[in-house]
Amino acid sequence: ACAMTLAANTARLVGRRNHTPSALSLVACIMLLAWPPTAASIGFWLSVFAVFGLTVFCPLITAHLICLFTGRSQSGPGRKWLGRVFEPAGLTVTAQLFTLPLTAPLFATISLISPLANLLAAPLVTLMVGGGIVAACLVPLCSDLSLVVFRLLCLVGQAAAQLSEWLSGIPYASWPVAVDMVPTLLLFLLLAALLYLLWPQPGPRPRLGLALMLVAAVCANVLCLNLPTGAQLIVMDVGQGDALIIRDGRNCVLIDTGPDEKALLRALARNNISHIDAVVLTHLDLDHCGALSALRGTIPTEDVFFAADLLTYQADDAAVSAAAWLDADGASELASQDQLLVSGQLTLTVVWPAEPVREGGNDQSLCLRLSYDCNLDGQPETQALLTGDAELPELRLILADDPQTYQVLKVGHHGSNDAIGLEELQLMRTEIALICVGADNYYGHPTAQTLTTLEAADVALFRTDLHGDITLDFGPTAIQVSYDSIAPELTSR
């Protein structure tokens, strides 16, 4: 921005037109030629898009904000007062709109609170920066006074940080989205060009049209998020990690979060998840709980559950701290045979570990039996075993204690060598196997041994690296499986 301003003023000194967008283009090209790796800097492109929007569209957007909220034109009476009040709002709205094509695909969220946050935090940050310059100048003259000023400015900085922290925790402070960069940028450039060419002046008709567009967008979003669903198990593609959704109607339980916050938010957005009743973390490996903090301020979450005694022995773990942010009443624990009622038809029962745990490793993963009872007669039509990272030794203990039929198996530990055995598959009468795994992962999951075992048991296999999000719709007589992509070499039933 400083270089662009300098270029624009220099142009005026040599008798050329002071055209800010041209100065911006010139400076951006010079920076790219001088250091080509700048093209890979997200900060560079955010600056270019923000400055372009502020210099070209900010006056128009500010005028429309004035008209939208007051019904008055900026050129009418009291325009100076209106400009002073709405200009900061116009600046922050413009900057957010014109960086949205970059931030939404990159961070998988749209911040709804940032215009308010910017308005509240900007005076504090301005005071801190300006005061810091003054305090730095005071150091050679009176170091004691400068130290006092610095300490006061630290309090201002803490207030700004606490304000941002509080605002980010408000429910729906940001909204998860799943969009790709290229089509988003193309759509944005098209809309920006149309806006520039048409340039509608603020007035009653544009005001009414904008209001109707906002209402239509909100209604469409609400309707989309509240479409009725039946009993489902969704295995979400979050890379090399686990993230499962169990829902029935508006009731929703998330089992594990995967390692990547952006991947989790995209997956939740793809599946229209706007509220989570409970999060169950099977164990403390990052590929199962590393993205838990992404839910804060984006998707309201009622409860967070860990294995019994884990909160005591692993109180300093990052996932436990993140759970404290999400669950106002504090995280809870699940012991063997504890149940979570997802809905009248869906029930989760803890079948492992048999005893309280201390470390939360793979062998201590919470294993859950998902029961689907369509007729509510106490005899489930379908059962699924969700194993976290538990492997064959734990599976044998589970079956030895309570042999059950599991039509669906979430294969443990991403399909590792010791994940499953042929005898156990036959004992459970498993028909569908699900593997959460990242494409071309470093570990070689799922292994050839596990794939051979599943094939020998004549089990239909679905993998997130090949099929993307995998949805199982439970019915009274059958399970319908759907997924994002089709791998011809794999068969479904």
Counting neighbours of CG on Asp180 that are heavy atoms of other residues, nucleotides or ligands and sit closer than 6.0 Å, is the number greater than 12? no
N/O donor-acceptor pair under 3.5 Å between Asp317 side chain and Gln314 backbone: no
Output the distance between atom OG1 (Thr347) and atom CZ (Arg369), rounded to the nearest 0.5 Å. 9.5 Å
Is the closest side-chain heavy-atom distance between Cys252 and Ile273 below 4.5 Å? yes
What's the spacing between Gln379 CD and Asp373 CG if we round to 0.5 Å? 8.0 Å
Whether Asp260 side chain and Lys262 backbone form a donor-acceptor pair below 3.5 Å: yes
Residue pairs passing the ring pair (Phe, Tyr, Trp, His ring centres under 6.0 Å) test where at least one lies in residues 345-392, sequence neighbours excluded: Tyr372-Phe474
Greater than 12 external heavy atoms within 6.0 Å of Gln426's CD: yes
Donor + acceptor pair across side chains of Gln449, Asp418 (<3.5 Å): no
Taking all atoms of both residues into account, what is the closest heavy-atom pair of Met31 and Thr38, and its distance? O-OG1, 3.9 Å
Should we count CD1 of Ile42 as having more than 12 external heavy atoms under 6.0 Å? yes
Say whether Asp389 and Ser365, considering side chains only, have a donor N or O and an acceptor N or O under 3.5 Å apart. no
Would you say that more than 12 heavy atoms from the other residues, nucleotides or ligands in this model lie under 6.0 Å from the CG of Asp316, or not? no
CG/Leu346 to CG/Leu340 distance, rounded to the nearest 0.5 angstrom? 12.0 Å
Please report the closest heavy-atom contact between Ala384 and Tyr406, naming both atoms and the distance. C-CD2, 3.7 Å
What's the separation between atom CZ in Arg270 and atom OG1 in Thr471, rounded to the nearest 0.5 Å? 10.0 Å
In terms of side-chain heavy atoms, does Gln96 have a donor or acceptor partner in Ser111 at a distance below 3.5 Å? no
Donor-acceptor contact below 3.5 Å, side chain Asp309 vs main chain Val357: no
Rounded at 0.5 Å granularity, tell me how far OG1 in Thr282 sits from CG in Asp242. 6.5 Å
Answer yes or no: is there a side-chain heavy-atom contact under 4.5 Å between Met428 and Ile420? yes
Do Gln232 and Ile245 have side chains that get closer than 4.5 Å, going by heavy atoms? no
Nearest heavy-atom pair of Ser482 and Asp473: which atoms, and what distance? OG-OD2, 4.4 Å
Quick check: closest heavy atoms across Thr453 and Leu422, and the distance to 0.1 Å? CG2-N, 3.5 Å
Any chance you could lay out the side-chain contact (heavy atoms from CB on, under 4.5 Å) test for Cys436 and Leu244, step after step, and finish with the verdict? CA-CA 9 Å; Cys436 303; Leu244 287 72; 4.1 Å; yes
Give the C-alpha distance, both sets of side-chain angles, the deciding distance and a yes or no for side-chain contact (heavy atoms from CB on, under 4.5 Å) between Ile398 and Thr387. CA-CA 10 Å; Ile398 293 171; Thr387 57; 5.8 Å; no
Side chain to side chain, Leu264 and Leu295, heavy atoms closer than 4.5 Å: yes
Asn118 side chain to Ser114 main-chain N or O, any donor-acceptor pair under 3.5 Å? yes
Nearest heavy-atom contact between Leu153 and Gly131 is CD1-C, 3.2 Å
Option from Leu466, Leu454, Ile432, Leu434 for which side-chain contact (heavy atoms from CB on, under 4.5 Å) with Leu461 holds: Leu454
Pairs in or reaching into residues 248-298: which pass ring pair (Phe, Tyr, Trp, His ring centres under 6.0 Å), with residues at least two apart or in two chains? His283-His288, His288-His414
Would you say the side-chain atoms of Asp285 pair up with the backbone N or O of Asn362, donor to acceptor, closer than 3.5 Å? no
Any donor-acceptor pair under 3.5 Å linking the side chain of Gln407 with the backbone of Thr430? no
Going by heavy atoms in the side chains, are Val280 and Leu366 under 4.5 Å from each other? yes
Could you tell me whether the side chain of Gln364 and the main chain of Glu359 form a donor-acceptor pair under 3.5 Å? yes
Heavy-atom side-chain contact between Val342 and Arg247 under 4.5 Å: no
Kindly determine whether Thr103 and Leu46 satisfy side-chain contact (heavy atoms from CB on, under 4.5 Å), including the steps that lead there. CA-CA 8 Å; Thr103 58; Leu46 286 172; 3.8 Å; yes
About how many Å separate CD of Glu333 and OG1 of Thr312, when rounded to the nearest 0.5 Å? 5.5 Å
Is the Phe49 ring parallel, tilted or perpendicular to the Trp45 ring (thresholds 30°, 60°)? perpendicular
What I'd like to find out is whether the side chain of Met236 reaches to under 4.5 Å of the side chain of Leu254, using heavy atoms alone. yes
Taking everything shown except Asp402 itself, do over 12 heavy atoms lie less than 6.0 Å from its CG? yes
Could I get the full list of side-chain hydrogen bond (donor to acceptor under 3.5 Å, both in side chains) partners for Thr450, not counting sequence neighbours? Thr447
Nearest heavy-atom approach of Ala319 to Leu281 is CB-CD1, 4.3 Å
Judged by atom type as modelled, is there a donor-acceptor pair below 3.5 Å linking the side chain of Ser332 to the main-chain atoms of Phe305? no
Does any N or O in the side chain of Gln162 come within less than 3.5 Å of the main-chain N or O of Ala159, such that one atom is a donor and the other an acceptor? no
N/O donor-acceptor pair under 3.5 Å between Ser336 side chain and Ala354 backbone: no
I would like to know whether Glu423 and Arg396 meet side-chain contact (heavy atoms from CB on, under 4.5 Å); could you show each step before the answer? CA-CA 10 Å; Glu423 181 181 347; Arg396 287 172 175 164; 6.0 Å; no
Close side-chain approach of Val437 and Gln240, heavy atoms under 4.5 Å: yes
